[in-house]
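Proteins come first, then strands; the chains are lettered A, B, ... in the order of their sequence lines, and each starts at number 1. The structure displayed is predicted, hence computed values, not measured ones.
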2 protein chains.
Amino acid sequence: MTIYPKSRIHGQSEPHFPGDRHRLRRPIDRSDTRLVRRDQHLLQAGAPIAHPWLVVAGMLKSYRLDADGEEQVLDFHVPGDIIGLEAVVQATADHSIIALDTCNVRALPADVSAVDATEAESYTQMIIDGMYQEILRLTRRLNMSVEPTDQRLAGWLLEFSEAQRRRGLKPYEFRLPMRRRDLALYLGLATETLSRAFTRLRNRGLVAVNNYEIRILDAEGLGALAGKDREAAHADQAKG
Amino acid sequence: MTIYPKSRIHGQSEPHFPGDRHRLRRPIDRSDTRLVRRDQHLLQAGAPIAHPWLVVAGMLKSYRLDADGEEQVLDFHVPGDIIGLEAVVQATADHSIIALDTCNVRALPADVSAVDATEAESYTQMIIDGMYQEILRLTRRLNMSVEPTDQRLAGWLLEFSEAQRRRGLKPYEFRLPMRRRDLALYLGLATETLSRAFTRLRNRGLVAVNNYEIRILDAEGLGALAGKDREAAHADQAKG
DNA sequence: CGGATGCTTGAAGCTGCTCAAGTGAAGTGG
DNA sequence: CCACTTCACTTGAGCAGCTTCAAGCATCCG
């Protein structure tokens with residue numbers, strides 16, 4: 001896991017994260033980068049995919065439609081993530097990926113045995129690491145899927161906060177780039193349930209919520225809630 | 001995905017699957033295989049892991065204990081699966097793996113760049129394929145986690161049936177190697193809820209259940225239930 | 001045969017979903 | 001610059017499914 005240097009914050013409330021670009025592991029080769037604007041698709045499920053992409057800036061959402069046409073949000077992707085990993089195995093994209101804000105992505109080689117994408121490690125190793133990261137993420141989400149609502153949201157907020165910190169942004173004060181609906185589908189909840197969960201956390205003084213602006217007031221309290229066993233969480237939810 | 005040849009069934013009701021051995025892609029090198037008996041651990045979460053393993057025979061369960069000491073069943077592993085993939089990335093096992101019956105596993109190289117494990121593909125490709133399969137499995141489970149109980153069980157039964165078929169065993173008549181509790185935790189349900197779900201499927205004439213012996217009576221009906229959108233499934237569950 | 005283990009069934013309670021209305025913010029046109 | 005529309009988030013009420021607690025059975029094994 002790459003630890004990004006802490007640095008001055010700027011562009012905090014903007015829809016994209018211009019501060020990220022200079023933190024990349026190596027300068028961008030403009031020839032193989034692509035700009036994706038808000039609500040634009042980078043990939044479509046079932047469509048051909050030639051190679052994986054490295055997220056350079058912005059945030060993307062990957063999703064797919066199930067048999068009923070219901071949207072299932074699979075993941076949010078931040079700079080440093082490799083997306084479209086299935087390209088090294090097959091020629092068809094598994095899921096659709098759409099930009100939540102202005103994004104910058106860099107094309108990666110289609111051939112796993114290609115030489116160095118970075119100076120540090122082989123491309124093969126990079127792909128394997130990327131896949132392993134995805135396995136970890138999925139496993140974590142699977143664990144979360146059995147937790148009660150408030151615990152789920154608390155855990156996710158802390159994860160997001162940690163991601164902010166790693167990227168050199170304010171960990172306790174940020175703007176969510178996705179709509180409630182997206183976050184709800186990601187967490188496996190109804191939009192209304194998520195909204196109520198936010199309200200409960202706010203009423204307990206754990207977070208301050210203003211639309212998409214989030215401020216974490218009591219990280220320790222959030223952690224206690226997130227890590228708590230289910231009965232205790234239930235008790236809290238009742239009295240909260 | 002390897003398609004195993006269809007062949008005569010034998011050893012159907014035995015706790016292990018002796019018929020599998022000769023279907024392996026290449027003869028077993030006895031020097032690096034290991035026998036794991038029922039309830040014996042192959043790996044412990046947090047303990048050192050030197051290399052991945054290839055499941056040769058039997059079925060294993062991977063799980064981990066969450067903060068409360070509650071068991072979370074992550075996956076069941078059948079012959080052909082590669083387990084302990086994290087070994088190519090780190091030296092510590094992510095989760096515990098225990099044998100559900102008498103199992104045979106073969107040690108794989110720790111170094112990704114090792115030469116040929118099989119004639120067909122490079123070891124690197126084999127690892128990448130294994131990881132991709134795991135990503136697909138996890139994604140499928142994540143999708144299932146938002147489905148209602150009966151739909152979840154129906155879907156899983158069909159998956160298991162398909163796995164049986166691929167391995168040359170009877171697809172519509174088999175013995176579950178895991179306890180109800182394990183299957184319930186795997187599906188993210190309470191044991192009682194799973195039991196009731198079995199009863200409902202039985203009452204509808206979709207399956208015949210006798211303890212661990214399962215017979216699929218109406219695969220089409222199961223498929224309709226599994227693929228059905230949620231409202232329709234709810235309606236069915238009410239009248240079922 | 002008796003004890004143990006695990007599956008099944010029953011009843012009650014609670015969480016989260018659905019349907020529905022209310023509120024607030026952002027953008028448009030007069 | 002301000003009404004008006006729109007869209008999304010919030011809040012409310014009712015309902016349904018799942019879990020929990022508890023008891024009843026079946027199967028296995030000493």
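No more than 12 heavy atoms of other residues, nucleotides or ligands lie within 6.0 Å of OH in B:Y172, so this atom counts as exposed by the packing criterion.
Helix bend of the helix from C:dC1-D:dG30 to C:dG30-D:dC1: the angle between its two end axes, each built from five pairs, comes to 30° after rounding to 10°.
If you measure from atom CG of A:D150 to atom P of C:dC14, you get 16 Å, rounded to the nearest angstrom. If you measure from atom CD of B:E70 to atom P of D:dT19, you get 12 Å, rounded to the nearest angstrom. In this structure, A:L189 places its CG atom 15 Å from C1' of D:dT10, rounding to the nearest Å. Distance, A:L187 CG to C:dG16 P: 12 Å, rounded to whole Å. One atom, CD of A:Q151, and another, C1' of C:dG16, lie 15 Å apart when rounded to the nearest Å. At whole-Å resolution of the value, CG in A:L100 and C1' in D:dA8 are 16 Å apart. One interatomic measurement links the two molecules: CG of B:N210 to P of D:dA26, which rounds to 12 Å at whole-angstrom precision. As a whole-Å value, the separation of B:E147 CD from D:dC18 C1' is 16 Å.
Between the side chain of B:D218 and the backbone N or O of B:G221, at least one donor-acceptor pair lies under 3.5 Å.
Aromatic ring pairs are classed by plane angle as parallel below 30°, tilted from 30° to 60° and perpendicular above 60°; the pair B:W156 and B:F76 is perpendicular.
In this structure, CD in A:Q151 is found 6.0 Å from CG in A:L225, a value given to the nearest 0.5 Å.
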### Task
Give the B/S/- string for nucleotides 7-13 of chain C, one per nucleotide from 5' to 3', where a protein heavy atom under 4.0 Å of the base yields B, of only the sugar-phosphate yields S, and otherwise -.
SBBBB--
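Partners of B:Q44 under the side-chain contact (heavy atoms from CB on, under 4.5 Å) rule, at least two apart in sequence or in another chain, are B:H41, B:A47, B:S96.
Heavy atoms only, all atoms of each residue included: B:R179 and B:Y212 are closest at NH1-OH, 3.2 Å. Of all heavy-atom pairs between B:R34 and B:L42, the closest is NH1-CD1, 3.7 Å.
Remark: B:R180 is positioned above the aromatic ring of B:F198, its terminal NZ or CZ atom under 6.0 angstrom from the ring centre and at most 45 degrees off the axis. A cation-pi geometry, defined here as NZ or CZ lying under 6.0 Å from the six-membered ring centre and within 45° of its normal, does not hold between B:R137 and B:Y132.
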